[in-house]
Every structure is written in structure tokens, then in C-alpha cells.
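Some notes on the structure that comes next.
Sequence lines set the chain letters: A, B, ... in the order given, protein chains first and strands last, and positions in each chain run from 1.
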Amino acid sequence: MHLYALKRILQFIPTIFFITLIMFVLLNILPGSAAYLALDQRKAPDPKLIAQLEKEWGLDKPMHIRYLNYLKGLVTGDLGKSFLRKESVSKIIADRIWPTLKLALASLGLAVAVGLPLGFLSALRQGSWLDSLSMIGAVSGISMPQFWLGILLMFFLSVKVRIFPTSGYGEGNPMYLVLPAISLGVGYMALIARTTRAAVIDVLTMDFVRTARSKGLSELLVNSRHVFQNTMILVLTTVGLQFGSLIGSTVIVEKLFSWPGIGSLLVDSIYQRDIPVTQGCILVIILIFLIVNLIVDLLYAVVDPRIKYQ
Amino acid sequence: MKKKLTILLSVLAIGMLACTNAWAARTGGTFVFCAPYGGDVFSLDMQRTGNTQDYIVGLNIFRSLYKWDAAQNKPVLALATAVDVSEDGMVYTFKLRHDVKFHNGRTMTADDIIYSYNRIMAPATASSAASYVGVIKGAKAVQDGKAQTISGLKKIDDFTLQITLDHVADLGYQLYKIEAAIVPKEEIQAKGDAFGTAPVGCGPFRFVKWIKGSEIVLEKFDGYFEPGKPYIDKLVYKIMPEGSARDMAFRARELDANLVGGAQYDVYQRDPEISKNMIEVAEMYTRFMGFNQAYAPLADKRVRQAINHALNSELIIKKLLKNKAFKATSFLPTSSPAFDPELAPYAYDLKKAKALMAEAGYAGGFDLEVLATNSQSYGVRVVEAIIPFLKKIGIRVKPQQLEGGMLSQRLKKGDYQAFIWSLESGPDPLASLNRFHSRTLPSSGNYIAYANPVFDGLLDQAKIEKDPAKRLDLLKQADRFFFEDAPGWFFNYNKAIIAYQPWVNGVEAVAIEMMLQDFTNLWLNETSPRATAK
């Protein structure tokens with residue numbers, strides 16, 4: 001198992017290499033100059049100033065040289081310096097990573113805590129009012145745009161009834177976390193509920209469930225030991241795969257709630273062509289994605305003893 | 001005796017007036033404002049950023065030699081008590097204030113101003129203020145790396161500074177911007193790049209903390225040179241690019257004032273409570289559709305005038321922009337000192353437009369491709385709105401949407417037929433019109449490659465004219481000439497609106513950019529939920 005994990009981690013290297021290459025090329029061939037965009041365009045920026053900025057940011061060098069410099073920095077853990085923020089990218093990202101992880105984990109917690117039991121109960125009570133209600137809820141949850149949901153939550157829970165603050169980070173005060181976490185987590189929760197329901201229904205028709213029942217096991221034991229365990233693989237896959245995209249989709253929620261995370265940082269950097277920060281953010285998001293996937297793979301073995309890694 | 005008494009009485013009356021004002025303004029409390037534009041705040045080193053969002057915050061931390069006075073709508077002295085301008089308008093001698101302190105406690109002197117301007121011109125700083133400070137003699141040599149210090153700056157003593165210009169200019173317009181802020185040398189040398197995240201200025205508020213991507217907190221600087229000011233204890237900027245999120249925060253009373261976007265304006269106006277506390281201004285940005293005169297049909301002045309007559313700007317502003325704009329007359333906005341109130345905008349007159357088209361030999365019309373961004377107030381949706389109007393005079397409009405950076409590249413190359421964009425048209429009318437001087441290259445903002453000897457002549461005369469009234473008159477003539485020559489469609493001036501809570505006093509109508517609010521004079525009633533918050 002350790003060997004397997006090590007092998008997987010080593011595989012990260014070529015993956016990251018290819019991703020950085022694609023990313024670098026794409027970001028650098030985008031039309032529009034970073035120096036130009038950094039200035040107020042309504043004023044017609046001074047060409048001399050643009051040249052100075054391009055020199056400061058190293059944009060006057062050919063692309064392959066810049067890429068090699070970037071790789072050199074990457075090996076030593078140096079992600080470069082932001083064009084606009086005049087700070088090292090690692091520091092900027094370090095400041096912003098925790099809020100994003102906090103938001104993502106809170107959404108994940110909410111989604112699993114509500115989605116999993118909901119899906120399970122719906123499957124066991126197929127066709128009941130609980131099932132219909134929760135599935136209607138799940139479909140609406142998946143199809144509801146996060147942005148719109150966020151505004152609705154603000155309107156009802158911050159403006160009409162003043163329970164939660166509308167936006168901001170509030171120096172880690174958990175009250176500020178609630179609305180963004182719900183906006184981000186509802187779709188995810190709905191997805192987990194649906195997946196769990198489908199998986200449970202599938203497992204319920206299996207032979208071993210019938211056997212367990214015919215052995216005279218109580219419904220509780222059948223469900224907890226046989227059904228639950230066997231649905232976990234599928235649910236775990238969904239949770240793991242979706243966690244990566246959850247990190248990616250913090251973009252909208254962070255912007256809406258002025259949440260100081262990686263998502264809003266990424267959007268700002270793309271708009272302003274702050275190439276070093278954009279690259280840094282994408283790299284971090286990819287790393288999180290890879291690590292989560294690895295953890296999920298390792299968890300398979302824990303959940304299902306038949307799976308062994310060599 | 002009687003005369004003396006009158007003087008004494010008037011002095012007393014003025015004193016009492018001043019006192020009542022001082023009584024009226026309540027001290028204390030926290031004011032929560034927003035930084036609403038696009039993205040994040042990037043750097044608080046004013047000299048090294050080009051981001052309006054950064055200036056909104058920096059304006060209250062720093063001070064420049066001059067500052068913008070919103071009430072008088074012009075630049076006034078900030079760090080000096082008096083200025084003496086030489087006969088030929090080339091030498092400015094400033095009597096600096098003795099009581100200006102940086103937030104680290106040190107008194108500001110002439111050396112700081114010299115240091116700051118040298119830093120702005122140094123190539124390594126790449127400052128957008130270089131184009132303003134560049135008016136000083138010898139500044140360009142520093143920018144080109146030929147000199148270390150600006151030769152036109154001379155320290156007479158600690159509090160007397162002499163500035164010699166390179167060419168005649170109204171120095172106030174050059175040096176009032178916060179990009180040209182005066183900074184303390186020792187802080188910059190100690191902090192380096194980190195100065196941008198822990199700034200030290202000599203403005204009314206001190207930097208306290210910055211949660212990147214979320215908010216910036218400033219607090220009252222006790223050593224600020226205007227006695228008793230600022231009134232509020234704490235100033236918070238929430239970084240909130242989303243209009244609907246700002247609206248919610250404003251309604252939840254978390255924001256004390258909010259920049260009103262197009263989506264909210266209509267709703268706020270109809271709200272009996274909110275509408276009472278709104279302030280609006282015609283910003284010095286002109287939304288203008290520029291014509292490429294190298295495209296044959298547009299080379300004819302009659303065609304260009306016909307387009308102006310055929311477009312019902314008023315209706316488009318009312319229906320499409322929901323009244324969040326002021327109909328434009330000419331290039332210079334109503335808030336410009338050189339705006340000519342006697343000039344009447346092109347009337348919506350289809351008959352006249354058709355006659356002009358026929359006269360020019362284009363009765364059959366022509367195709368016109370218009371480049372635009374995705375802006376709500378001057379983007380592709382506006383181009384779509386003009387299609388039916390111009391169809392009536394035979395012009396077949398085809399919109400093409402581009403991203404801002406791409407659009408400017410096409411304009412610089414002259415690779416377009418027409419475009420619509422928002423162009424800065426103030427505050428200095430001379431600089432604004434000079435954009436269209438034939439010597440200004442398309443790459444420097446003369447996107448329509450305008451070259452007209454009459455217009456050039458008027459501007460050249462204005463440049464050397466020392467009498468301000470005569471200069472203004474020449475500029476009015478130039479603006480009128482530009483208007484009649486119609487090198488574009490004069491669409492609108494941006495209407496900027498701030499809505500504030502009933503307990504807020506002192507939000508100003510700032511025509512250069514509404515969000516550049518100086519909070520030195522702002523105060524809060526005790527009804528504010530944060531009236532005593534520190």
C-alpha cells in the first residue's frame with residue numbers, strides 16, 4: 001500500500017509537467033497584453049509605460065525562455081512573483097488557501113451529513129412521500145445556480161431576517177461561513193443523495209441481501225452491515241471526484257460572498273492577465289484534485305477489503 | 001469706529017458659523033464602504049498601480065501636493081498653503097504646510113516631494129503617474145535613464161519648493177491624482193515591495209489591516225493636519241464586485257454607502273426610503289462611437305452628422321440604460337469647465353438625416369461594422385439598439401463583440417470601421433481634447449486618428465495661452481468644432497450614483513470618478529448601527 005501510494009505520487013510529476021506546459025502556452029498566447037490590461041484603458045495608457053512594465057515582468061523575453069525560467073523556479077518551489085500584487089505567488093496563495101479549504105470542507109460536511117442519510121432513507125422507502133420529496137429537492141438542488149441560491153439566501157437570511165451577515169470573511173467567525181457553505185454545498189448534497197439512493201436500490205436487489213434477510217437478520221443489521229458497506233464504493237467515488245470540481249466551483253461563491261479564497265483570486269488574476277498568479281492557482285487546484293483522488297483510491301481498500309494495492 | 005465694529009461683528013459671525021458646523025459634525029463611529037470594481041485591490045503603493053480599485057482605498061491613506069475638490073470641481077492645494085506662479089507660467093513656488101505628518105510620525109518636507117516625484121519617473125517604478133509628473137522640466141530625462149534626479153525640482157528650504165515646468169501647463173491638473181502621492185522614503189527603503197501591502201502615507205487614515213480579497217481596514221490618523229478631522233474613527237472597505245451582493249449588504253445595513261449599478265438604479269429610484277439618500281453626477285467619461293474616416297462613406301462630414309441626427313440617444317438611454325446615463329452633447333461632459341452650455345446636442349431628426357445622406361450621395365446607404373465590448377452601457381447591446389435607427393437612413397449596422405484588450409489593438413492599427421467605447425474626458429479639458437490632436441498617435445489614444453488643422457490650431461493656441469479665461473474659451477471653441485465635425489456619435493456621459501444610509505453625511509458628487517471619495521469630512525449620526533464602533 002505504501003509502495004502504491006509512492007508510485008501514485010511519482011506519477012504526479014509528469015501530470016503536473018504536462019499541465020503546466022499546456023497552461024503556460026495557453027495563458028501566453030491569449031490576446032491582450034498583461035501590461036496594457038493592468039492600466040486604466042479609458043485613459044489610453046502610455047506606450048512607454050507598457051514597455052517598462054513588460055520589462056519588469058519579463059514579458060519582453062521569448063516564450064520558451066520564460067517557460068524554462070518558470071520550470072526552474074517550480075523545481076525549487078518558487079512560483080514566481082505576481083505582476084500586480086508585487087508579492088510572491090506562494091505567499092499570496094498561502095494567504096488564500098485556507099479560506100477555500102474551509103469553505104470546501106464545510107460544504108462537503110454539509111453535503112455528506114444531509115445527502116447520505118437522505119439518499120439512504122429514500123431508497124429504503126422507495127415511492128414514499130419522503131422519497132418523492134427528497135428527490136424533488138435533489139433535482140432542484142442540482143439544477144439551482146449557486147449564484148442565484150446565494151442571493152436568495154442573502155435576501156431571506158440576512159436582509160429579511162437578520163441572522164447571518166451577507167458577505168465577507170469576518171476573521172474566521174463561523175457565522176460568515178454558513179451562507180457560502182450552503183450555496184456551494186446544496187448541489188453537491190443533492191448529487192450525493194441521488195447517487196446514494198441509486199446505489200442502495202441497486203444493492204437491495206442483490207442476492208446477498210436476500211440471503212441475509214432469509215438468514216433472519218434484522219432489517220437494521222441487513223441495512224447497516226450489508227447494504228451500507230456495499231454502497232460505499234460508489235458513494236465514495238462520487239464524493240471524491242466531485243470534491244475536485246467543488247474546489248473549482250468555489251469561484252462563483254467566493255466572488256459573490258467576498259470570500260478571500262483561491263477561487264476569487266483565480267478569477268481576478270485571469271481578468272488582469274496576472275499570469276504567475278493564474279498559473280499558481282491552477283497548479284494548486286490541480287494538486288488538490290490529484291491528492292483527493294489518491295486519498296479516495298486508498299480509501300477503497302479500507303472500505304472494501306477485496307481491493308488490494310500492490 | 002463703526003467700520004471696525006462691522007469687521008468685528010462679521011468675524012464673530014463667521015466664527016460662530018464655523019463653530020456650528022463643527023458642532024453639527026459628530027465624531028466617532030465606523031463607516032463601511034465598498035470597493036466595487038472588477039477584481040481585487042492589488043497594491044496600495046499608489047505610484048505603482050494602475051488599478052482604480054486601489055486608488056479608491058489609497059485616496060484616504062495618502063495625499064498628493066494637490067487634491068480634487070468635488071464641490072469646486074477642480075484641483076486645489078493639499079500639502080501647501082500657497083503657490084506663486086511666475087509671469088511666464090513656467091515656475092511654481094510652493095509654501096508647504098509645516099504640520100503634515102506621515103503615519104510614522106515624521107514631518108513631511110520638500111525632500112519628500114522631490115523623492116516621490118523622482119521615484120515616479122524612475123523607469124523601474126513603471127508608474128502611471130509618470131505621464132503627469134512628466135510635465136516637470138527634466139522629468140523625461142529621468143524616465144529615459146539619462147538622469148537620476150529631476151532638474152526642475154528645487155528645494156529652497158524645508159518648506160519651500162520650486163517646480164520648473166517643461167512646457168506651460170496647469171500644474172494642479174497634473175499633480176492632484178493619488179497616483180502622484182507623496183511617500184516617505186525611509187518606509188519604502190525599509191519595506192521594498194511590501195510597501196504595497198503595508199502603506200504609510202500622510203492622509204487622514206492610517207492603514208490597519210487587509211484581508212486579501214475581502215476587506216481593508218483603516219483608522220483615523222490622529223496626527224492628520226486638518227484639525228479635528230477626520231470625524232470617523234474607522235473606515236472599512238469591503239471588496240464587493242457583485243452588484244446584487246452589494247445591494248443585499250446595503251439593505252441589510254452592513255454597507256453605509258453603495259455604488260448603484262444599472263440593475264439597482266431603477267429599483268432604488270422607486271424606493272421611497274432609499275431614493276431620499278442618493279447622489280449622482282455626470283462623470284468625466286464620454287461614451288463615444290468613433291468613426292474611421294479612412295472608410296469612404298465616413299470621410300464625408302454630412303454622413304457623420306446624419307448618423308448623429310438619426311440616433312435617438314434619449315430613447316436608448318431611457319429604455320436600454322434605464323436612465324443611468326446623461327445624454328451627451330459634445331465630447332466634453334457637462335461637468336467639464338470647458339463645457340459650453342450654449343451648445344445644443346444633435347436633434348433627433350430623421351428627415352434631416354436622410355437629406356444629409358442623399359446630399360452626400362449615400363441615399364442607398366452602406367454597410368457599417370461596429371466594434372464593441374460586452375459593456376452594459378456602451379457595449380454590443382447598444383450597437384444592437386442602434387441597428388433599427390440607422391436602418392432608416394440605409395446604414396446596415398453589423399455589431400462585432402471584442403474583449404477590451406483586443407478592441408484597443410484593432411483601434412491602434414486603424415483596423416475598423418466604427419467602434420463604441422468609454423473615453424476619459426476630464427478633468428483637464430486641454431488634456432482631454434488633446435487626445436484628438438493630430439500629433440497624438442492612435443496608440444496613445446487618438447483612436448480615430450483625428451487630424452484637423454483647425455482643431456489642432458485651437459489646441460495649440462490654448463496650450464500657450466496664459467489667461468485662464470481665454471484658454472477656456474479656446475477650448476470651448478475646439479470642443480464645438482469637434483462637435484460640428486462629428487467624427488463620432490456623441491452618445492452619453494456616465495451617470496454615477498451612490499446611495500447612502502440616512503445616518504451618513506458628506507458623500508460627495510465626484511465628477512472625476514464617483515468612487516474616489518475623500519472621507520476627511522464624512523461624519524455619522526448617532527442613529528448609525530456603528531455610531532460608536534471602533
(message) Using a strict threshold of under 4.0 Å (side-chain N to carboxylate O), is an ion pair present between B/Asp45 and B/Arg119?
(response)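 Salt bridge between B/Arg119 and B/Asp45, a charged N being under 4.0 Å from a carboxylate O: yes.
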
(message) Can you tell whether the side chains of B/Asp144 and B/Lys140 come within less than 4.0 Å, N to carboxylate O?
(response)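 No salt bridge links B/Asp144 with B/Lys140.
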
(message) Is a donor from one side chain sitting under 3.5 angstrom from an acceptor on the other, for B/Tyr378 and B/Asn494?
(response)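 Side chains of B/Tyr378 and B/Asn494: no pair found under 3.5 Å.
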
(message) Between B/Arg287 and B/Ser422, is there a side-chain donor-acceptor contact under 3.5 Å, judged purely by atom types and distance?
(response)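 A donor-acceptor contact under 3.5 Å links the two side chains.
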
(request) Between chain A and each of B/Gly196, B/Ser131, B/Pro241, count heavy-atom pairs under 4.5 Å; write down the option with the most. (result)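 Highest number of pairs under 4.5 Å: B/Pro241.
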
(request) For chain A, find which of B/Glu215, B/Lys209, B/Lys238 contributes the most heavy-atom pairs closer than 4.5 angstrom. (result)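 Highest number of pairs under 4.5 Å: B/Lys209.
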
(request) Using a heavy-atom cutoff of under 4.5 Å, enumerate the residues of residues 249-257 of chain A that contact chain B, numbered in order, or state 'none'. (result)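 Only A/Lys255, A/Leu256 of residues 249-257 of chain A have a heavy atom under 4.5 Å from chain B.
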
(request) Evaluate the ring planes of B/Phe288 and B/Phe436, with Trp represented by its six-membered ring, and classify them as parallel (under 30°), tilted (30 to 60°) or perpendicular (over 60°). (result)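 Judged by the thresholds at 30° and 60°, the geometry between B/Phe288 and B/Phe436 is tilted.
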
Heavy-atom distances under 4.5 Å only: say whether [X] touches chain A with side chain, backbone, both or neither.
X: B/Ala431; value: neither
X: B/Arg246; value: neither
X: B/Ala249; value: both
X: B/Pro123; value: both

Below 4.5 Å, heavy-atom pairs only: which of [options] has the largest tally toward chain B?
options: A/Lys81, A/Glu171, A/Met154, A/Arg96; value: A/Arg96
options: A/Lys55, A/Glu56, A/Lys160; value: A/Glu56
options: A/Ser258, A/Pro99, A/Ser264, A/Gly168; value: A/Ser258

(request) Kindly say whether B/Tyr176 contributes a backbone atom to a donor-acceptor pair with the side chain of B/Tyr132 at under 3.5 angstrom? (result)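 Pair absent, no side-chain N/O of B/Tyr132 close to backbone of B/Tyr176.
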
(request) From the options B/Thr197, B/Thr49, B/Asp40, select the one residue that forms a side chain to side chain donor-acceptor pair (under 3.5 Å) with A/Arg85. (result)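 Among B/Thr197, B/Thr49, B/Asp40, the one meeting side chain to side chain donor-acceptor pair (under 3.5 Å) with A/Arg85 is B/Asp40.
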
(request) Starting from the C-alpha separation in whole Å, work towards a yes-or-no answer on ring pair (Phe, Tyr, Trp, His ring centres under 6.0 Å) for A/Tyr176 and A/Tyr169. (result) CA-CA 6 Å; A/Tyr176 285 80; A/Tyr169 188 59; 8.2 Å; no

